[in-house]
Amino acid sequence: MNDAPQPSPSRPLSICIVAAEESGDALGAALARALIQREADAVKISGVGGHAMAAAGIVSPFAIDELSIIGLTAIPRRLPKIFRRIRETARAVVAAQPDALVIVDSPDFTHRVARRVRRLSPSIPILDYVSPQVWAWRPGRAPAMRAYVDQVLAILPFEPAVHAALGGPPCGYVGHPLIERIGELRPNADESRRRLADPPLILALPGSRSNEIRRLAGIFGDTIARVTAQIGTVDLVIPTVPHVAAQLRDAVAGWTVKPRIVVEPEEKWSAFRNARVALAASGTVTLELALSGVPMVAAYRLHAIEAIIARLIRLQARLPSVILANLVLGENVVPELLQEDCTADRLAAALLPLVSDTAQRRRQIEAYRRLDDIMAIDATAPSARAASIVLDIARRGRSAAALPLPAASC
């Protein structure tokens, strides 16, 4: 932050973007590029982010890697530093007086920043890019957000209706970031033929967190063994991420069917485009698979106490499914086998019908075809749609201001 002379009314719009983890950093970078594409020299962007936002020209005052402990995994001795960064970020935004502040995902960090900014400088418009999962747990967050969020930029098509029902702030669907990668997910003609060729390529996705791999890897290995006992040889692929690759290799060492483990994103998407079926841990990956057109079975296991809490939350929220693909489709087409139902016998029984041309397989594929309309895949790119809303709110905020705002950066 620095002091600056009073600018002219025609100065560039100032947008501050705050992200606190890798996925938010990627969204923030895409938004920054879309803003620049729309306005070029008429917009000035600053903020807090990581490598992706840095590549988009935003210099962060600190490395967001140190914020990765936010949430239930937080280490108490690190919390003072986290809260110091929250205060520093909020003060920087207030000193900059941007025409709009965009907080991206990571509500444990970004919403604390937003609340401080609103208290210290109520005139700064605040947009929240990626709604907290108020539809899944803590629905009381939605009305509470009205005090410090002026607009939610939702990435799931059902979220605007959820916020309206819960009394949350204005919320508009801008599109899921996967839409901008749809070309990497969808097979070409040769890959579509490979999906139907033998041996079938089967994806196993036991999760990207250590505890998920501990709880699911053994069950997934036993499931694949049961499937291959029925159908014969398969090409088994496990896409993963670098930080758990070593743990995963150890976890699958005893599998009867030896998988190919792929780490590079290009290899992952290639496997998706060629896959016949998938066995996946519940999470965003189920939406990736649905967009790719891969029939799947979804599974998950929690610690017993966590499972009790999760059941209570699901009952309170009246969720028809915990599988993201099902929630977006509005129909439970993907079998979900959770907790005591997550056994090798039951997973294999659900997966086997999807390998051949059956009613179960056709039902999933036909449902996936609706995603283009549901998620507005053929429309404007999500980052461009988000940029339009940010610019509109920033301009309205400037017009409503009694005095020109000082040009600075956060």
Side-chain angles (χ1 to χ4, degrees), residues 13-20 23-24 27-35 38-39 43-49 53 89-90 93-94 96-107 109-135 138-177 179 375-376 379-401 405 410:
L13 284 170
S14 171
I15 310 294
C16 184
I17 303 173
V18 174
S23 60
L27 277 175
L31 175 61
R33 288 192 295 269
L35 288 166
R38 283 285 303 272
E39 295 296 325
V43 64
K44 180 184 173 89
I45 306 170
S46 57
V48 172
M53 285 172 61
T89 302
V93 174
V94 170
Q97 287 292 298
D99 295 301
L101 164 65
V102 183
I103 56 171
V104 189
D105 209 352
S106 307
F109 183 88
T110 62
H111 283 231
R112 286 182 169 90
V113 170
R115 285 194 292 267
R116 284 179 170 272
V117 170
R118 180 51 48 92
R119 186 171 67 251
L120 296 170
S121 188
S123 65
I124 298 176
I126 301 175
L127 300 92
D128 183 16
Y129 195 1
V130 183
S131 170
Q133 293 182 350
V134 294
W135 40 269
R138 289 175 60 194
R141 289 180 298 177
M145 287 168 60
R146 292 186 68 93
Y148 59 91
V149 170
D150 300 296
Q151 176 73 42
V152 178
L153 306 175
I155 67 170
L156 295 172
F158 58 82
E159 289 177 323
V162 170
H163 273 278
L166 294 175
C171 177
Y173 172 65
V174 297
H176 198 282
I179 292 173
M375 300 183 70
T380 308
S383 57
R385 207 175 302 164
S388 293
I389 296 172
V390 171
L391 290 169
D392 180 58
I393 288 177
R395 290 191 182 102
R396 282 192 276 131
R398 177 180 287 190
S399 298
L405 304 177
C410 65

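When reading the values below, keep in mind they use all heavy atoms of this one structure, side chains included, and skip hydrogens, waters and symmetry mates. Remember, predicted model here, so these are calculated numbers, not experimental data. Numbers here are sequence positions counted from 1.
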Do [X] side-chain atoms and [Y] backbone N/O form a donor-acceptor pair below 3.5 Å?
X: Arg116; Y: Ala90; result: no
X: Thr110; Y: Asp105; result: yes
X: Arg146; Y: Gly168; result: yes

How long is the span from the [atom1] atom in [X] to the [atom2] atom in [Y], to the nearest 0.5 Å?
X: Ile124; Y: Ile126; atom1: CD1; atom2: CD1; result: 7.0 Å
X: Gln97; Y: Ser121; atom1: CD; atom2: OG; result: 3.5 Å
X: Thr380; Y: Arg385; atom1: OG1; atom2: CZ; result: 5.5 Å
X: Arg38; Y: Ser388; atom1: CZ; atom2: OG; result: 3.5 Å
X: Asp99; Y: Leu13; atom1: CG; atom2: CG; result: 5.0 Å
X: Ile103; Y: Arg115; atom1: CD1; atom2: CZ; result: 9.0 Å

Checklist entry - Thr89 and Phe109: side-chain contact (heavy atoms from CB on, under 4.5 Å), yes or no, with the steps? => result CA-CA 10 Å; Thr89 302; Phe109 183 88; 3.8 Å; yes
Side chain to side chain, [X] and [Y], heavy atoms closer than 4.5 Å:
X: Arg138; Y: Gln133; value: no
X: Tyr129; Y: Val174; value: yes
X: Val134; Y: Leu166; value: yes

Checklist entry - Is there a side-chain contact (heavy atoms from CB on, under 4.5 Å) between Val102 and Leu31 once you walk through the steps? => result CA-CA 10 Å; Val102 183; Leu31 175 61; 3.9 Å; yes
Next on the checklist: Is there a side-chain contact (heavy atoms from CB on, under 4.5 Å) between Leu101 and Leu127? Walk through the geometry before answering.
Outcome noted: CA-CA 6 Å; Leu101 164 65; Leu127 300 92; over 6 Å; no
How close do [X] and [Y] get, heavy atom to heavy atom, and via which atoms?
X: Tyr173; Y: Met375; answer: OH-O, 2.8 Å
X: Gly28; Y: Met53; answer: C-CG, 3.8 Å
X: Pro143; Y: Pro139; answer: CD-O, 3.4 Å
X: Leu35; Y: Val43; answer: O-CG1, 3.7 Å
X: Pro98; Y: Val93; answer: CD-O, 3.2 Å
X: Ser131; Y: Val152; answer: CB-CG1, 3.7 Å

Checklist entry - Could you go step by step and tell me if His111 and Asp128 meet the side-chain contact (heavy atoms from CB on, under 4.5 Å) rule? => result CA-CA 8 Å; His111 283 231; Asp128 183 16; 3.1 Å; yes
Checklist entry - With the threshold set at 4.0 Å, does a side-chain nitrogen-carboxylate oxygen contact exist between Arg118 and Asp150? => result yes
Item to check | Ion pair check, Lys44 and Glu39, cut-off under 4.0 Å | outcome: no
